[in-house]
Structure formats: C-alpha cells, structure tokens
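This chain uses plain numbering: 1 for the first residue, then up along the sequence.
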Amino acid sequence: MKKPGGAEKKKVRRSQSLQSNTDTPRFQKQAAPKDVFQAFAEKARDHKDLVSRWAVLQETRVEYFRGKDFVSFVRNHLELKDILESDRSLEAEDIANILLKKNLLVRCGRVVKTVRPGKKKLSTFPAHLEIYHDQVFSENDAFFAWTFVKRRPLWQTLLSFCWPILTLAICLFPVYPHQVKLLILYSCAGLLLLILCLLLLRGLVFGALWILLGKRFWLFPNILAEEATLKELFQFWPQKDEGERPKWTARLFYAIAGVVVISILRHHAPDEAARARYQKRVSNIIDDVLEWSPSLALSGMIEKQPVVNITEPIDNVTDSKSSDEKLFSSGDLDDETISNEEVTENTEDSDHHQNI
C-alpha cells in the first residue's frame with residue numbers, strides 16, 4: 001500500500017522546482033540592469049563639444065577635462081540627460097558626483113602649482129596630473145579624468161590589422177622592383193625634407209621676431225605637442241602671447257650669439273672637394289641599396305662556393321684533392337729538373353765550341 005502523502009509531497013517538490021526554474025531568469029534579468037550613467041559617460045566622452053586633453057597621471061596617459069567645461073557642456077546639451085531616464089532632472093554637479101562614486105571619473109590636481117618664469121598664470125591644461133585627495137566635484141581649477149577604457153571605432157580596429165602587413169612590406173623593400181624603390185625613396189626623402197624645412201622656418205621666424213620685436217610667434221604652435229588632436233596639430237596661426245616681453249639685454253645677447261655661431265659654421269664649412277666626396281659616398285650607398293636584387297646575391301654566392309661532386313663522399317674528395325696536389329707538385333719538379341738539364345747541356349756545348 002502506497003501512502004497518499006508521498007505522492008502529494010512529490011507533486012509539491014516538482015511544483016517548487018518548476019517555480020524556482022521560472023523565477024531564475026527573472027532574477028538574472030533584474031540583477032543586471034542597464035547602467036545609464038555608464039552610457040551617459042561614454043556618450044559624453046565621445047562628444048566633440050566637451051573639451052578634453054591628454055596628460056600623464058601616475059605614469060599613465062589619461063584623457064581629462066575641466067570642471068567648468070563639464071557644467072557648460074551639460075547645460076548646452078540637455079538632450080543627453082534623456083539617457084539617464086528617471087534621473088534626467090539631476091544637475092551637472094550631481095551627475096558628476098555620481099560618476100565619481102561609480103569610479104567612472106577621478107578628480108585630479110596639478111603637479112606643478114607655481115607659475116613658470118616668463119608666464120603670468122598657470123597653464124590652462126597641464127601635462128602632468130596627480131590624484132586629488134577630496135573626490136568631490138568642483139568647478140574651480142578642478143580636473144577630472146576618465147577611468148574606463150574607451151571603445152575603439154571600427155576603423156581603428158581595421159587599422160590595427162594593417163600594421164603587420166606594413167611591417168612585412170618594409171622588410172621586403174630590398175626585393176621590390178627598381179621603379180618602386182625609387183618611388184619610395186623619393187617620397188620619404190621629400191617628406192623628411194618638408195619636415196626639416198618647416199622646423200627651420202619656424203625657428204627662423206621665431207628668432208627674428210623675438211630679437212627684433214620681442215614677440216613670441218610660433219608658426220604651427222602644436223606641431224610638436226604630444227597631447228594635441230589632429231585638428232590642433234595643423235593649426236597654423238598661434239594663440240595670443242601671454243608671457244612678459246623679454247628684456248633688451250637678453251635679446252641683444254642672443255643676437256650676438258647667433259651671429260657668432262653662424263660665422264663659425266661658415267668658417268669651418270667643408271669645401272667643394274669634401275662635399276663632392278661625401279655626395280659620391282652617399283650616392284654609392286644609395287645605388288647599392290637600389291640595385292641589389294636576389295638574383296645578383298644568389299649568383300655571387302654560387303660563384304664563391306667551390307664545385308663539389310655530391311655523389312662522392314667527403315673523404316674521397318679530400319683524397320683526390322691531395323693526390324692532385326701531389327701530381328701537380330711532382331710535375332712541377334720534373335719540369336724544373338728538365339729545364340736545369342737543358343741549361344747545363346747548353347752551357348757545356350758553348351764551352352766546347354769555344355775550346356775548338
């Protein structure tokens with residue numbers, strides 16, 4: 001006889017297991033809600049109107065912005081608050097504090113807190129930062145760095161696959177056709193010459209205006225900056241000079257030093273013969289690189305190698321070489337003895353005729 005209570009207990013257990021299985025995915029969905037502040041931070045970081053720069057924070061390059069720029073950015077782009085859904089009514093300060101609590105931002109301060117010589121105020125965007133002790137949002141000379149890794153766009157991912165191909169192409173430069181070598185050589189030489197001429201022109205313009213007028217004027221002011229964007233890198237006209245005007249004694253000293261250096265370089269400049277020799281040496285090196293080909297290299301290697309019969313063992317080859325050397329040496333000795341005998345016979349005949 002089966003007990004009716006046992007069947008009821010089994011049914012209860014099955015129903016409980018089914019309920020637990022159905023409740024598990026609901027619990028999982030509720031445990032992983034969408035972080036709206038993470039989405040807001042990613043959207044704000046990718047936006048071009050939020051002015052940001054790159055700096056070094058504890059030996060790590062980070063992207064950062066100023067506190068007042070973030071406030072103005074949020075006020076001018078209220079549509080970004082729609083990402084926050086129920087928290088869209090928060091102010092910019094409150095949003096920044098929540099980002100700080102979620103470790104999406106970190107507040108930083110200047111490493112160099114003193115004004116440099118010749119400057120009236122601190123730089124707007126410092127190149128070196130340190131973590132600030134109070135992690136609270138502020139607009140007054142406060143900097144905030146992003147802590148999460150920025151998502152790479154598709155073109156950067158595709159470009160990363162091109163680097164191995166480019167490296168392989170550079171390594172295979174010696175086997176390129178002659179016309180391709182000339183094209184690459186002249187392109188690289190032209191680009192290098194353009195960069196050197198641009199840097200020389202910047203230096204000459206800056207030196208002349210600084211000595212004559214006392215103005216600091218740099219053409220392409222961000223051409224050597226590490227943290228500049230692509231648009232700022234090719235900025236032609238410099239910003240307004242905020243430094244103090246240099247003293248006339250310093251300008252006079254550097255003017256005299258420049259004249260002395262130029263005169264010394266002209267006095268010790270190489271003559272035409274030395275320049276011609278150097279040009280010939282460089283042209284020979286370039287010609288060797290351009291005219292090199294695998295066929296010529298292989299032919300030269302084959303000519304240098306001795307001809308050996310592969311079917312014969314090495315001992316037989318060495319024995320044959322030694323026997324040949326012995327034969328040649330014995331033949332040479334025989335020839336020498338024969339020539340000596342002929343000379344003696346000729347001398348005896350001449351003496352005999354003289355006696356007669």
Does a side-chain heavy-atom distance below 4.5 Å link Tyr254 with Pro246?
no

Whether Tyr64 side chain and Val106 backbone form a donor-acceptor pair below 3.5 Å
no

Can you see which heavy atom on Lys150 is nearest to which on Asp46, and at what distance?
CE-OD1, 2.9 Å

Quick one: does Ile286's side chain get under 4.5 Å of Leu185's, heavy atoms only?
yes

Between the side chains of Glu130 and Lys113, is the shortest nitrogen-to-carboxylate-oxygen separation below 4.0 Å, so that they form an ion pair?
yes

How far does CG of Leu159 sit from CG of Leu154, to the nearest 0.5 angstrom?
11.0 Å

Residues that Glu42 engages under salt bridge (charged side-chain N to carboxylate O under 4.0 Å, His left out), provided they are two or more places apart:
Arg151

Examine Leu252 and Val261 and state if one hydrophobic cluster contains both, with Ile, Leu, Val, Met, Phe, Trp and Tyr joined whenever side-chain heavy atoms are less than 4.5 Å apart.
no

Leu129 and Phe125: same hydrophobic cluster, using ILVMFWY side-chain contacts below 4.5 Å?
yes

Are Ile83 and Val71 connected in the hydrophobic side-chain network, where two residues link if heavy atoms are under 4.5 Å apart?
yes

Quick one: closest heavy-atom pair of Leu122 and Val112, and the distance?
CD2-O, 4.2 Å

When you measure from the side chain of Thr147 to the backbone N and O of Asn103, does any donor-acceptor pair fall under 3.5 Å?
yes

Please check if the side chain of Arg202 supplies one atom and the backbone of Leu219 the other of a donor-acceptor pair under 3.5 Å.
yes

Closest contact, heavy atoms only, Arg107 versus Leu100:
N-CD2, 3.9 Å

Nearest atoms (heavy-atom pairs only) where Lys181 meets Phe173
CE-O, 3.4 Å

With rounding to the nearest 0.5 Å, note down the distance linking CZ in Arg61 to CD in Glu63.
10.0 Å

Same cluster or not: are Leu200 and Trp218 linked, directly or through other Ile, Leu, Val, Met, Phe, Trp or Tyr residues, by side-chain heavy atoms under 4.5 angstrom apart?
no

Side-chain heavy atoms nearer than 4.5 Å, only ILVMFWY residues, links allowed to pass through others: does that put Phe37 and Phe148 together?
yes

Return the NE2 to CG distance between His128 and Leu57, rounded to the nearest 0.5 Å.
11.5 Å

Are the side chains of Arg53 and Thr124 in touch, meaning some heavy atoms are under 4.5 Å apart?
no

Can you run down the salt bridge (Lys or Arg N to Asp or Glu O under 4.0 Å) pairs that involve residues 86-95, sequence neighbours left out, and say none if there aren't any?
Asp82-Arg88

Separation of Asp49 CG from Asp69 CG (nearest 0.5 Å)
11.0 Å

Does the side chain of Ile131 reach to within under 4.5 Å of the side chain of Gln58, using non-hydrogen atoms?
yes

Quick one: does any side-chain atom of Arg110 pair with a main-chain N or O of Ser123 as donor and acceptor, under 3.5 Å?
yes

Do you know the tightest heavy-atom contact between Cys108 and Ala145?
SG-CB, 4.0 Å

Please report the interatomic distance CZ(Phe40) to CD1(Ile98), rounded to the nearest 0.5 Å.
10.0 Å

What class does the angle between the rings of Phe65 and Trp146 fall in, given that below 30° is parallel, 30 to 60° is tilted and above 60° is perpendicular?
tilted

Parallel, tilted or perpendicular: which describes the rings of Phe73 and His47, with under 30° parallel and over 60° perpendicular?
perpendicular

Tightest non-hydrogen contact, residues Leu50 and Ala44, listed as CD2-O, 3.6 Å

Under a 3.5 Å distance rule, please check whether Lys81 uses its side chain to pair with a backbone N or O of Ser89 as donor and acceptor.
no

Within this structure, what is the CD1-CZ distance for the pair Ile211 and Phe206, rounded to the nearest 0.5 Å?
9.5 Å

Quick one: does Val74's side chain get under 4.5 Å of Leu80's, heavy atoms only?
no

Can you say whether the rings of Phe137 and Phe144 are parallel (under 30°), tilted (30 to 60°) or perpendicular (over 60°)?
parallel

Side-chain heavy atoms of Trp210 within contact of Lys215, under 4.5 Å:
no

Treating Ser283 as the side-chain partner and Lys280 as the backbone partner, does any N or O pair qualify as donor plus acceptor under 3.5 Å?
yes

Is it the case that over 12 heavy atoms from other parts of the model lie below 6.0 angstrom from the CD atom of Gln279?
no

Return yes when atom NE2 of His77 has more than 12 non-hydrogen atoms of other residues, nucleotides or ligands closer than 6.0 Å, and no otherwise.
yes

